Amino acid sequence: MSFEQDIKRLRQSKKMTQQELADILHVSRQTVSTWENGKNYPSLEILRSICVLFDVSFEQIMFGEENTMKNKQDMATTIDRDVKLKTRYKKLTITLATIFIFFCAWIGVLIFGYSKGIGAIDRWNPFLTYQVSYTKMPALTKTNSQREWTAWYSDNEMGTSWTKLTLSTGENPGVVEPYVMAYHKGSYVKISRIVPASEVSTLVRGDLEAFEKYQQETSKKGASDDSNFQKDLKKKVHLTDTIRTINNN
């Protein structure tokens, strides 16, 4: 039964009128009428008074005698399900947040490695691809032939992409007009070897000569207009498009 049916049945079982019940509970008759019509419910304090007056349990007055056990079980099942769902959602949220944090950290490391020219990081960067680049080999002596040296490498024949690579090729075995060919991914050099100028395209050689000439000219005294370019050049590891103006001079 519903609460309104129960309160009416209990009142009638005691042969009480709505007014008599209202007087005992210190409420108006209209209030008792709204309870029995299902338009309103008593407060917890009045519910306790009703339970004492009619000698019934709180569960019985709220749920009905025959449904008490079932309601308890349904309520327990609902609470248990909610707890399990909240625990599951919490674990899922923590897992997704952890994955997101690690992903952002991984991307951050890759960006940092590429911008700073760290070959050990670029080697494992899945967003970079291997490419063949060239530079003119510097003059090395027997004392410094095994040391690492750094130079700008032309990545394409148009002279629009450059990478600053650090490597060691050893002493020139006797190649006339030696150039260095590097197979690299970002700043990571996988293979490098000394090749003659005849194996390097005319366009690449022209780009390298123009770049070297431009560096020499802007480093001279009085070339203050290009001082910012020289400062940027020392900080950078990769150049794109900015060298196009060099080849047009």
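Because the structure is a prediction, the values reported are computed rather than measured.
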Check whether any side-chain heavy atom of [X] sits under 4.5 Å from a side-chain heavy atom of [Y], and report yes or no.
| X | Y | result |
| --- | --- | --- |
| Arg205 | Tyr134 | no |
| Thr169 | Arg193 | no |
| Pro196 | Glu177 | no |
| Ile46 | Val27 | yes |
| Leu239 | Trp152 | yes |

Exercise. Ion pair present between Arg11 and Glu36, side-chain N to carboxylate O less than 4.0 angstrom?
Worked result: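 Glu36 and Arg11: salt-bridged.
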Would a line drawn from the ring center of [X] to the ring center of [Y] be shorter than 6.0 Å?
| X | Y | answer |
| --- | --- | --- |
| His184 | Tyr153 | no |
| Tyr41 | Trp35 | no |
| Tyr130 | Tyr183 | yes |

Tell me whether [X] at atom [atom1] has more than 12 heavy atoms from other residues, nucleotides or ligands lying less than 6.0 Å away.
| X | atom1 | answer |
| --- | --- | --- |
| Gln30 | CD | yes |
| Asp55 | CG | no |
| Tyr114 | OH | no |

For residues [X] and [Y], report the shortest heavy-atom separation together with the two atoms involved.
| X | Y | result |
| --- | --- | --- |
| Met16 | Leu21 | CE-CA, 3.7 Å |
| Gly113 | Asp122 | C-OD1, 3.6 Å |
| Val204 | Asn156 | CG2-O, 4.3 Å |
| Trp124 | Pro126 | O-CD, 3.2 Å |

With distance as the sole criterion, is a donor-acceptor pair present between the side chains of [X] and [Y] under 3.5 Å?
| X | Y | value |
| --- | --- | --- |
| Ser201 | Glu157 | yes |
| Arg29 | Gln19 | no |
| Thr34 | Thr31 | no |
| Ser133 | Asp155 | yes |

[atom1]-[atom2] distance between [X] and [Y], expressed to the nearest 0.5 angstrom:
| X | Y | atom1 | atom2 | answer |
| --- | --- | --- | --- | --- |
| Ser33 | Lys8 | OG | NZ | 9.5 Å |
| Ser192 | Leu167 | OG | CG | 5.0 Å |
| Asn172 | Ile194 | CG | CD1 | 5.0 Å |
| Lys90 | Leu85 | NZ | CG | 14.5 Å |
| Leu128 | Leu110 | CG | CG | 8.0 Å |
| Ser187 | Leu165 | OG | CG | 6.0 Å |

Using the rule that two of Ile, Leu, Val, Met, Phe, Trp, Tyr join whenever any of their side-chain heavy atoms come within less than 4.5 Å, decide whether [X] and [Y] are in one cluster.
| X | Y | value |
| --- | --- | --- |
| Trp162 | Met181 | yes |
| Phe127 | Phe103 | yes |
| Phe211 | Val237 | no |
| Leu44 | Ile50 | yes |
| Val132 | Leu203 | no |

Exercise. Can you name the one residue among His238, Lys185, Lys236 that meets side-chain contact (heavy atoms from CB on, under 4.5 Å) with Thr163?
Worked result: His238
